[in-house]
Amino acid sequence: MLRDVEARVIRNTRLSRDYNVIALAAPEIAEATQPGQFVMVKSGRGGDPLLRRPFSVFEVLRSNNRVEGLTLLSKRVGVTTKILYDAVEGDTISCLGPLGRPFDLVDPPTEAWMVAGGVGLAPFATLGDALLAHGVKTTLFYGARTGGELFYLDWFTSRGIRLVLATEDGSIGDKARITIPLDRELQEADGEVVIYACGPEPMLEAVAHVAAKHKRTSQVSVERTMGCGMGGCYSCVIQVRSEAGSERTRPAHYVRSCIAGPVFKGEDLVWD
Amino acid sequence: MLRDVEARVIRNTRLSRDYNVIALAAPEIAEATQPGQFVMVKSGRGGDPLLRRPFSVFEVLRSNNRVEGLTLLSKRVGVTTKILYDAVEGDTISCLGPLGRPFDLVDPPTEAWMVAGGVGLAPFATLGDALLAHGVKTTLFYGARTGGELFYLDWFTSRGIRLVLATEDGSIGDKARITIPLDRELQEADGEVVIYACGPEPMLEAVAHVAAKHKRTSQVSVERTMGCGMGGCYSCVIQVRSEAGSERTRPAHYVRSCIAGPVFKGEDLVWD
Amino acid sequence: MKTLSGTDLSVQIGALRLKNPLIAASGCFGYGVEYAEAVDLSTLGGVAVKGLFLKEREGHPPERIVETPSGMLNAIGLQGIGVHRFIREKLPELRQLRATVIVNICGSTLDEYVELARILSDAEGVAALELNISCPNIKEGGITFGCSLHGTFDVVSAVKKVTPLPVIPKLTPNVTDVASFARASEEAGADAVSLVNTFLAMAIDVETRRPKLSNIVGGLSGPAIRPIAVRMVYECRRAVKIPVIGMGGIASARDMLEFIIAGATAVQVGTANFVDPFIWGKLLAGVTDYVRRHNIARISDLVGTIDTTSREKQWISS
Amino acid sequence: MKTLSGTDLSVQIGALRLKNPLIAASGCFGYGVEYAEAVDLSTLGGVAVKGLFLKEREGHPPERIVETPSGMLNAIGLQGIGVHRFIREKLPELRQLRATVIVNICGSTLDEYVELARILSDAEGVAALELNISCPNIKEGGITFGCSLHGTFDVVSAVKKVTPLPVIPKLTPNVTDVASFARASEEAGADAVSLVNTFLAMAIDVETRRPKLSNIVGGLSGPAIRPIAVRMVYECRRAVKIPVIGMGGIASARDMLEFIIAGATAVQVGTANFVDPFIWGKLLAGVTDYVRRHNIARISDLVGTIDTTSREKQWISS
Ligand SMILES: Cc1cc2nc3c(=O)[nH]c(=O)nc-3n(C[C@H](O)[C@H](O)[C@H](O)COP(=O)(O)OP(=O)(O)OC[C@H]3O[C@@H](n4cnc5c(N)ncnc54)[C@H](O)[C@@H]3O)c2cc1C
Ligand SMILES: Cc1cc2nc3c(=O)[nH]c(=O)nc-3n(C[C@H](O)[C@H](O)[C@H](O)COP(=O)(O)OP(=O)(O)OC[C@H]3O[C@@H](n4cnc5c(N)ncnc54)[C@H](O)[C@@H]3O)c2cc1C
Ligand SMILES: Cc1cc2nc3c(=O)[nH]c(=O)nc-3n(C[C@H](O)[C@H](O)[C@H](O)COP(=O)(O)O)c2cc1C
Ligand SMILES: Cc1cc2nc3c(=O)[nH]c(=O)nc-3n(C[C@H](O)[C@H](O)[C@H](O)COP(=O)(O)O)c2cc1C
Ligand code: FES
Ligand code: FES
């Protein structure tokens, strides 16, 4: 059920000069969230900044089997992400969700390969957990500019998620875009593999192409500017060829990525 | 010299549900402030709230003979005063000042009677100190709605300032407006007395009349809506009969209370 | 319709009685159904659905919105499913949700407005027509009508001839004298006017020197424009006898009351719904509380009750 | 005039060369002298002083301003000391401070504008005249000129006839097509146009149901209006060859650059000076940093360089 929660900041961990993980006391939302869904966050008083901003739910926080809240992995790029970066325990952040179409989970023996670029890591903590709970063998391909911007590596490995890393400066893993090792490993993979991706759009496009080249399906989570997150404003549109979930193809047309997405099949999207 | 200081909140003491005293690390301003002058405060990020708000300098904070900063006595009535009320140590508040014409000090044997209504107490801590330093015998007439809203009584008495109190509900002092005991005592006073007043305009008007009735001069500090505090916008005007500091009288006309005041001679003002 | 306390929030727009003066603004509430999870649509005075053309439209490419101080620009370009799919796919659900549906219509020609009005008059569950002659974002939209007194008169009278539904032209604020457009509308037989649509505006990315919107210009909405919108509603209220439906930056019950006191019989809320889709109950609660505190029996008694006398007195005295 | 790094910030307005494009906006900087403690006036491109009538004026009674979301309303009513006292009491000090003084003049009749222009042309230390034909707050002010193309043409040409000073009509945004007023100004011989003045607006206290301003309506300024002002500057730049001086909500170097890229040869800053009287150095530093980063030799090369092509391509491709 959709909820708007004035969530207290439980803690705020700065991971680097730009990245932070903020924990919010919004258990009702956390409980209802499926992997790939997002919340619309409003920080700051008054009309400036005015609009909410979308953030993937990063972790669902549990203690003693009770859901305590959720975290967001945020990268500082502007006014709201600065407020999230600077927030301290006890501040409140208004949090609306859960919103959007989640990832479709797969079943074994199909493997899941998650591909994250930068802050695109955000949806893969909850997705990874859900896949593991399904018994799905899971890999995380994770790329960033530099090794210092690869976070939560232990979190994933300790759960048994295999890591494949790449950095543009080569400080950790391949000195390459993450699609290079992805392509290489797909070349060699023989079982069923579904690819999940989140990151900058050029990366998503490359992932979708690599997946298609190897005859694998991909589910990509896109980031468009969102005014409302609920289908009200038509700001967040993206061109698709066919309706999500339908086999009928139509000429390229705009759909609202907040309710038809943010997760789309890679092959449905029209890359421009 | 005029300064704009991004002042750190040193501490914030809540006196009641509406009143607080906030200490700001703006020593350069504090040092230069004369009794009756004010600062323009900007709290909150972004454009909402947009404009600064005027506040009298309440105390000049000293430790070991060094000026540390200043305090503001604030009453919560709207958006900025709410931010000041809620502020915590480490926040920053932008503080522009010192601004405005200060009170004219008197010399002994003239006595000083300060008359404060509610948050109009604010300029009288620094004025009281300055008068005492001049060796002037000083009394504070201080009125509020109820005894719980009379603050800093010890602060004044410990310095040797005589207190005359009045509350509308009679919980402390006279059950009356503060101008009642003022009128009564002026009736009996025979020495020279100068009256300083700050509070709601109807009170200032009554004080000016009482003073005039007893042939005493008054200096009143008025509160008009101020957009800039520096003479730039002409929002803060008040009607006067003669120019401050000049003997030439003119027909009633508007002057900018931020630079011609906020302190005026009671007899110069046109009450509407 | 009275509330428990006996307060009557209902208002009259032409032949249409709204249960309260709170309407979701067109283009800010999808087709209404998107918000059914956040608000019981039957509790709203009305739901103005997203602007419809006869045909489906793709709208402008992204970027379609950009935030500005206390406001936002949009250049959606009236993406929409067209009137036929609307009637087939959305109207039944809106009827089921017991929404009072106001359909916002847009045409490139006078005939298109007429055709749309005809089609919608035959559909079940349409309460009123709002004529969008004021969208700043598309050249072929009704703005050519909305910026000409003759055009406004012509489109309103043509539509009135073919529909029994209340007709509400939506006025643009991008004119010198909005009240004259309200007058032209009234003369043409409009049942009410609504205003304001958005203000033509733009934003530039200084690093790339490109407009932030793909369409270069867009429409400004949100709290930033409220003081201008309130003034325009005030002017229109004094110019015409038909009801004025006011909007522009309403984000609290206080803002809503400001419009009503300025002269709005009903109000619409757009941008604020993006920020808080649960705002509707808060607005109605706030207004109910106000009329109770002020002992106002009917909200309609509050419409246009702005008191300018004492100010004028003060003015003369100086 | 070049900065140390060789960047040339100077711009040309008619015969007048400003050392940089940053001007203090009229009515927001007193008579300039009030701000001498906060900013060295000689470092500014210009100082537009508070609007002057021939005679002294008392202006409106308080309340004269009210804050609104990211903006403010004012209805000062052009309180002022009149042109004679200005020349006597303020101009000598401004000369001494080496300010480039732009005098903003207001009249009730065409003759008053002409008379003011004559008087000021004889005074020493006036660099240009800005014709305020756009004050929304007083009925007798030039707004009757500013809202009519003929009126604008007439007042500009009449003033041009009697003064050798650059003449800059200041346009109101409260019109349907601001570019046509820029064109009328150009045809009448204006050396530049400046825009925008404030947007006519109002605010109501819902508890008392009274307007918050004594004058009922006032003018909206500040960041709230910036996107509309940028659009208007962009339109005017495309309509005329004379320089456009842009303003409306500038509060950062980025905002200033937005106006310049949209087409402003120079800019004015009003409301933001109330919030930060030390803003001037920050704006100039920010702009200098930008032109350096972007390897722009002369700020005048940046004027009107908005790039709409790639957007149009994207648009066509969809
Ligand atoms: C479904 C979804 C999920 C998201 N999840 C996350 C997440 O988990 N963590 C996270 O950090 N971010 C996430 N984002 C992106 C996030 O919403 C933006 O970074 C955020 O809106 C920026 O807000 P701001 O106020 O800080 O920046 P603004 O002040 O609004 O913008 C500052 C600058 O950044 C640019 N900008 C704004 N949004 C984006 C963007 N999406 N991509 C690139 N540049 C942009 C603007 O154009 C502007 O130039 C998600 C976006 C979507 C659509
Ligand atoms: C020279 C001077 C010195 C001052 N010193 C102090 C001081 O030391 N301590 C202090 O608490 N206040 C002081 N004030 C008053 C203070 O400036 C206002 O209370 C403040 O501007 C309110 O800001 P806000 O954002 O909280 O309220 P807003 O949100 O701006 O206003 C909220 C409501 O309060 C009303 N309001 C705003 N200002 C006033 C006012 N001055 N009087 C009555 N109602 C008002 C508004 O009309 C509105 O209805 C002083 C004012 C002046 C001119
Ligand atoms: C994203 C968006 C889309 C809009 N679409 C329409 C529309 O289709 N038809 C219309 O008449 N008005 C449209 N408007 C204008 C609003 O209905 C309303 O007039 C305007 O936004 C002012 O109200 P607000 O400040 O409450 O948003 C749109 C506004 C926004 C922000
Ligand atoms: C308090 C105030 C007084 C003003 N007085 C004048 C004036 O006398 N003459 C004039 O042409 N414009 C006047 N203006 C308009 C400004 O010069 C400017 O055009 C407008 O405020 C927009 O710029 P801003 O958003 O930077 O303030 C005034 C504006 C304000 C806020
Ligand atoms: S964000 Fe508003 S429709 Fe998608
Ligand atoms: S507050 Fe601006 S002139 Fe006094």
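Chain A is the first sequence line, chain B the second, and so forth, proteins listed ahead of strands; every chain is numbered from 1. Here the structure is a predicted model, which is why all the values come from computation and not from measurement. Values below: every heavy atom of this structure, side chains too, minus hydrogens, waters and symmetry copies.
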In terms of heavy-atom pairs under 4.5 Å, which option from B:I238, B:D4, B:I259 contacts chain D the most?
-> B:D4
Which side-chain N or O atoms in residues 21-38 of chain B pair as donor and acceptor under 3.5 Å with protein atoms at least two apart or in another chain?
residue : atom : partner : partner atom : Å
B:T33   : OG1  : B:I29   : O            : 2.7
B:Q37   : OE1  : B:Q34   : N            : 2.8
B:Q37   : NE2  : B:G100  : O            : 2.8

Nearest heavy-atom neighbours spanning [X] and [Y]:
{"X": "B:Y234", "Y": "D:R64", "answer": "O-NH1, 2.8 Å"}
{"X": "B:C233", "Y": "D:I76", "answer": "O-CD1, 3.1 Å"}
{"X": "D:E58", "Y": "B:A252", "answer": "OE1-O, 4.3 Å"}
{"X": "D:F274", "Y": "B:L51", "answer": "CB-CD2, 4.3 Å"}
{"X": "B:K42", "Y": "D:V275", "answer": "CD-CG1, 3.8 Å"}
{"X": "D:E67", "Y": "B:L50", "answer": "OE2-N, 2.8 Å"}

Should the heavy atoms of other residues, nucleotides or ligands under 6.0 Å from [atom1] of [X] be counted, would the total exceed 12?
{"X": "D:R98", "atom1": "CZ", "result": "no"}
{"X": "D:K55", "atom1": "NZ", "result": "no"}
{"X": "D:R95", "atom1": "CZ", "result": "yes"}
{"X": "D:Q96", "atom1": "CD", "result": "no"}
{"X": "D:R209", "atom1": "CZ", "result": "yes"}

Okay, B:R3 and chain D: the region with an atom under 4.5 Å from a heavy atom over there is backbone
Tell me, side chain or backbone of D:F29 under 4.5 Å from chain B's heavy atoms, or both, or neither?
-> backbone
Distance in Å, B:S94 OG paired with D:D276 CG, rounded so as to fall on 0.5 Å steps = 7.0 Å
Residues 218-227 of chain B vs chain D, non-hydrogen distance cutoff under 4.5 Å, contacting residues -> B:R224, B:T225, B:M226, B:G227
Minimum side-chain heavy-atom gap B:S235-D:N74 below 4.5 Å | no
State, with a plain yes or no, whether a side-chain heavy atom of B:C228 is found less than 4.5 Å away from one of D:N273.
-> no
So, the side chain of D:E37 versus the backbone of B:L2: is there a donor-acceptor pair under 3.5 Å, distance only?
-> yes
